[in-house]
Amino acid sequence: MQKFWQAFLRCDRILLVTFFLLFAFGLTALYSVQLGLGALENSLVVKQILFFCAGLVLVSFIMTVDYRLWQPFYPWLYVVCLFLLLLLFTPFGEVIRGVRSWLDFGFFIWQPVEIIKVLLILCLAGYFSKQGRHLRTWKPLIVSGVSVAVLVAITMIQPDLGSAMILFLLWLGLVLVLGLSRWQIALMTLLFLGVGLLGWTFVLK
C-alpha cells in the first residue's frame, strides 16, 4: 500500500483528472443512449462501471511495478501481440460490422488491439533501450519497422484501418524521439509518401 501511495503522489495530476472526467462523460453518454432506447435496466452502465473498477485495480498494480522490469521481456511481448492478432482468424474471432477485430470467449467480447497498443509501446521501448549507441543506425529502424509492419498488415486484413494507423503512429512517435539525423528523417518521409501513394491507389477501398 505504501508503494501505491508513493506512486500516486508522483503521478500526473492533470492526466488523472482527465481520466476521471472522460469516464464520467462516457458513462453519461451510455446512460443517455439507454434512455433513448427505452431500456428498463442499466446493463451497459453497470458493465462500464465494473470494467472501470477492474481497470483501477490493474492500474494500481502497474503503478507499483518498476517499469524497467519489463525490458528483458520485450521479445515475448511482441509474440503475445502477434498471437492475439492471429487468434482473430480462429473460431474465437468475431465479425462485428464487417470487421474481424473482436475475440468472443462466450462470457465476454473484447478487442485485442487495445491491449496490443500498450504491449507494443513496452516492446519497442525495451528493444530501443537495448540498442544503446546503435540507435542512430539503420538496423533498429529496419528491425522495429518490419516487426510493426507485420502487426499493421494483419490489422489491415481484418480490416481495421484506424487501429492499423495507431500502431504505425506509435512506432513513428518512438522513432522520432530517438534523435534521428536529418537525412534519415528525409529518406523515411520519402519512403512513407511512396508507400502511402501505393496504398491509396491499390489497397484502400
Side-chain angles (χ1 to χ4, degrees), residues 15 18-62 70 73-126 144-174 195-196 199-200 202-205:
L15 181 63
T18 305
F19 170 69
F20 281 99
L21 286 176
L22 286 174
F23 169 71
F25 289 146
L27 201 64
T28 304
L30 280 178
Y31 182 70
S32 64
V33 168
Q34 288 201 155
L35 286 179
L37 295 176
L40 299 179
E41 57 181 18
N42 295 323
S43 58
L44 288 176
V45 174
V46 172
K47 184 183 296 185
Q48 189 73 3
I49 293 175
L50 291 176
F51 278 116
F52 178 77
C53 293
L56 283 180
V57 173
L58 181 61
V59 167
S60 302
F61 169 74
I62 293 176
W70 296 100
F73 302 102
Y74 75 87
W76 297 105
L77 295 178
Y78 180 79
V79 171
V80 172
C81 293
L82 192 59
F83 172 76
L84 290 175
L85 285 179
L86 293 178
L87 199 59
L88 291 169
F89 300 95
T90 68
F92 292 106
E94 180 77 12
V95 178
I96 298 180
R97 292 186 293 275
V99 179
R100 182 180 290 274
S101 59
W102 303 82
L103 289 177
D104 186 358
F105 293 106
F107 55 94
F108 78 102
I109 301 177
W110 67 293
Q111 198 171 6
V113 74
E114 298 302 327
I115 189 65
I116 288 174
K117 296 172 186 176
V118 179
L119 295 180
L120 182 60
I121 294 174
L122 293 174
C123 179
L124 291 174
S144 62
V146 172
S147 301
V148 174
V150 172
L151 302 180
V152 170
I154 298 175
T155 308
M156 289 284 291
I157 294 174
Q158 297 174 12
D160 188 353
L161 178 61
S163 297
M165 290 181 62
I166 291 176
L167 294 180
F168 167 75
L169 290 175
L170 287 176
W171 172 80
L172 183 61
L174 287 175
V195 172
W200 179 271
F202 299 105
V203 178
L204 298 180
K205 296 182 180 179

Starting from the C-alpha separation in whole Å, work towards a yes-or-no answer on side chain to side chain contact (heavy atoms under 4.5 Å, CB included) for L87 and F83.
-> CA-CA 6 Å; L87 199 59; F83 172 76; 4.1 Å; yes
Mark yes when over 12 heavy atoms from residues, nucleotides or ligands other than F89 sit less than 6.0 Å from its CZ; otherwise mark no.
-> yes
Just wondering, are more than 12 heavy atoms of other shown residues or ligands nearer than 6.0 Å to CH2 in W110?
-> yes
How about [X] and [Y]: do any of their side-chain heavy atoms sit closer than 4.5 Å?
X    : Y    : result
I157 : R100 : no
F19  : L56  : yes
V113 : S101 : no
L88  : I154 : no
F168 : T155 : no
E94  : L103 : no
L124 : V148 : yes

Which residues share a side chain to side chain contact (heavy atoms under 4.5 Å, CB included) with L77, sequence neighbours left out | L119, L122, C123
Check salt bridge (charged side-chain N to carboxylate O under 4.0 Å, His left out) between E114 and all other residues, then give those that pass, not counting sequence neighbours.
-> K117
Minimal heavy-atom distance between S144 and W171, with the atoms involved, is OG-NE1, 2.9 Å
Could I get the full list of ring pair (Phe, Tyr, Trp, His ring centres under 6.0 Å) partners for F23, not counting sequence neighbours?
-> F52
